[in-house]
Amino acid sequence: MKERNLIPDFLKGMAIFFMILVHIVELFATTEVYNSIFGRIALFLGAVPAAPLFLAIMGYFLSVNKKPFFKKLKRGFQLVFWGFLLNLGLNSNLLLHIYSGKFQIDATPYFFGVDILFLAGISILILAILEKLPRMKNFLIFAIMVISPIIHLYLPNSENEIIQYLNAYFWGNYWWSYFPVFPWISYVFAGYLFNEFSLSNLGNKTPNSIYLILALFLFNLPYGITVSVNLSEYYHHGIWFFLWALEFLLLMIFLTHKFSNFISSQKISFKIASFGKNVT
């Protein structure tokens, strides 16, 4: 693996590791473990260092890899399709019990549950369309990135039994909507703009802005932890958590750059980077 590709792939691999960790805790931990210090730490590590980092790296690679419009459309629709297959596979045992009459619950939310694959697919589709407007592309991406964590808090949640399932994919605050487009597309767009504006030299020096970002991050750390361990609030967070998450991500990128020589000398880091590179 080329050294220039190590850092984003390493961060992506690390994000995947934390996502696996938090899913294990959410699904298998007892109440005692879930509410313990270990459980709280796992939930925190499964917040910003997981999905937001993964989505930002995804956005970065979408900017780096300039694929044709129709290839991006195909990729976007594939991810949405795989999202339904994943829901079907994850909930197959439950769905069989429902349709056999053993469980008397509604199966629809489990099949249409809004997980990260749907967000990834829809984000790629939106980016593909925006890239057809080269003069306004980056302005529109930036505007959506800023507005997304704000507007979903004020948009209505449909009470219609059919429309609410479509609503859930974009901003609806329903229990089966984990990664609606608003606010989560903001992380994809942040990663995309990171490459577009050539901010990759962030770690090559120690500007005063880094110290300011660190101070803001530490000042808002109690707030960030509170949201991170409250899953309902985390999945439907607002602008302040998004800004705090960006501070966290910028610090992670900065520190990874600073220790890039050390990282590149460790076999385990290459393993993590290879894992990140090969998981899409």
Side-chain angles (χ1 to χ4, degrees), residues 14-56 83 87 90-91 109-110 112-120 123 145-159 164-165 167-190 213-252:
M14 187 167 60
I16 295 167
F17 171 80
F18 287 131
M19 282 196 284
I20 293 171
L21 171 66
V22 75
H23 277 76
I24 291 173
V25 172
E26 286 182 31
L27 294 175
F28 300 111
T30 63
T31 303
E32 183 180 356
V33 173
Y34 189 86
N35 293 320
S36 67
I37 294 178
F38 168 78
R40 301 289 98 178
I41 292 174
L43 288 174
F44 175 76
L45 293 176
V48 180
L53 176 59
F54 180 86
L55 292 169
N87 282 351
L90 288 174
N91 299 294
Y110 297 96
F112 289 101
V114 186
D115 217 324
I116 200 166
L117 280 179
F118 295 105
L119 168 68
S123 297
M145 181 189 75
V146 174
I147 294 171
S148 169
I150 302 173
I151 193 171
H152 75 98
L153 299 173
Y154 300 98
L155 294 171
N157 292 316
S158 175
E159 296 182 3
Q164 66 180 355
Y165 287 101
N167 189 185
Y169 288 93
F170 292 93
W171 69 80
N173 191 347
Y174 307 100
W175 68 263
W176 65 87
S177 179
Y178 306 108
F179 292 98
V181 173
F182 302 150
W184 287 97
I185 197 171
S186 294
Y187 297 101
V188 180
F189 283 5
I213 292 172
L214 177 60
L216 290 172
F217 168 76
L218 293 175
F219 180 78
N220 293 296
L221 183 59
Y223 165 77
I225 293 175
T226 300
V227 175
S228 297
V229 301
N230 184 334
L231 294 181
S232 177
E233 189 174 358
Y234 167 68
Y235 287 129
H236 302 276
H237 59 263
I239 185 67
W240 296 117
F241 183 82
F242 169 69
L243 293 175
W244 180 80
L246 278 188
E247 294 163 7
F248 190 101
L249 296 180
L250 289 172
L251 290 172
M252 287 184 70

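Quick note: numbers below take in every heavy atom, side chains included, and nothing from hydrogens, waters or symmetry partners.
Considering only heavy atoms from C-beta on, P49 stays 4.5 Å or farther from F17 through its side chain. Using a 4.5 Å cut-off on side-chain heavy atoms (C-beta onward), L249 and V48 make contact. When side chains are defined from C-beta on, L214 counts as touching L251, because their heavy atoms get closer than 4.5 Å. Residues I16 and F54 meet the side-chain proximity criterion, which asks for heavy atoms closer than 4.5 Å. Put simply, the side chain of F18 does not reach to within 4.5 Å of the side chain of L53, judged on heavy atoms. Considering only heavy atoms from C-beta on, Y234 comes within 4.5 Å of P52 through its side chain. With contacts defined as side-chain heavy-atom distances shorter than 4.5 Å, the pair W176/Q164 qualifies.
Within a 6.0 Å radius of CZ in F219, other residues, nucleotides and ligands contribute 12 heavy atoms or fewer.
For L153, there are no side chain to side chain contact (heavy atoms under 4.5 Å, CB included) partners two or more places apart in sequence or in a different chain. In terms of the side chain to side chain contact (heavy atoms under 4.5 Å, CB included) criterion, residue partners of I239 (sequence neighbours excluded) are, by chain and number, P149, I150, F242, L243. Evaluation of the side chain to side chain contact (heavy atoms under 4.5 Å, CB included) rule for F170 yields I122, L166, V181 as partners, not counting sequence neighbours. Legend: residues meeting side chain to side chain donor-acceptor pair (under 3.5 Å) with Y174, ordered by chain and number and at least two apart, are N167. Applying the side chain to side chain contact (heavy atoms under 4.5 Å, CB included) criterion to I147, with sequence neighbours excluded, gives I151.
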Give the intermediate values and the outcome of ring-ring contact (aromatic ring centres under 6.0 Å, His included) for residues F118 and F179. CA-CA 8 Å; F118 295 105; F179 292 98; over 10 Å; no
Would you please test W171 and S148 for side chain to side chain contact (heavy atoms under 4.5 Å, CB included) and show each step? CA-CA 9 Å; W171 69 80; S148 169; over 6 Å; no
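In plain terms, the two heavy atoms of L246 and A190 that are nearest each other are CD2-CB, 3.9 Å. Nearest heavy-atom pair, I116 versus A51, reported as atom, atom and distance to 0.1 Å: CD1-CB, 4.2 Å. In plain terms, the two heavy atoms of L43 and L231 that are nearest each other are CD2-CD2, 4.2 Å. Closest of all the heavy-atom pairs between S123 and I185 is OG-CG1, 3.5 Å. For G238 against H152, the heavy-atom pair with the smallest separation is CA-NE2, 4.3 Å.
For residues 237-250, the side-chain hydrogen bond (donor to acceptor under 3.5 Å, both in side chains) pairs, not counting sequence neighbours, are Y187-H237.
Atom CE of M252 is separated from atom CG of L250 by 11.0 Å, given to the nearest 0.5 angstrom. Atom CG of L90 and atom NE2 of H23 lie 8.5 Å apart (nearest 0.5 Å). Expressed to the nearest 0.5 Å, how far CD1 of I213 lies from CG of L218 amounts to 12.0 Å. Interatomic distance, CG of N230 versus CD1 of I225, reported as 13.5 Å (0.5 Å rounding). Of the inter-residue distances, the one linking S186 atom OG with L55 atom CG reads 10.5 Å to the nearest 0.5 angstrom.
The aromatic ring centroids of W175 and Y110 lie less than 6.0 Å from each other.
Screening Y178, F182, F241 for a ring-ring contact (aromatic ring centres under 6.0 Å, His included) involving Y235 leaves a single residue, Y178.
A donor-acceptor pair is defined here as one N or O able to donate and one able to accept, closer than 3.5 Å; such a pair exists between the side chain of H236 and the backbone of S177.
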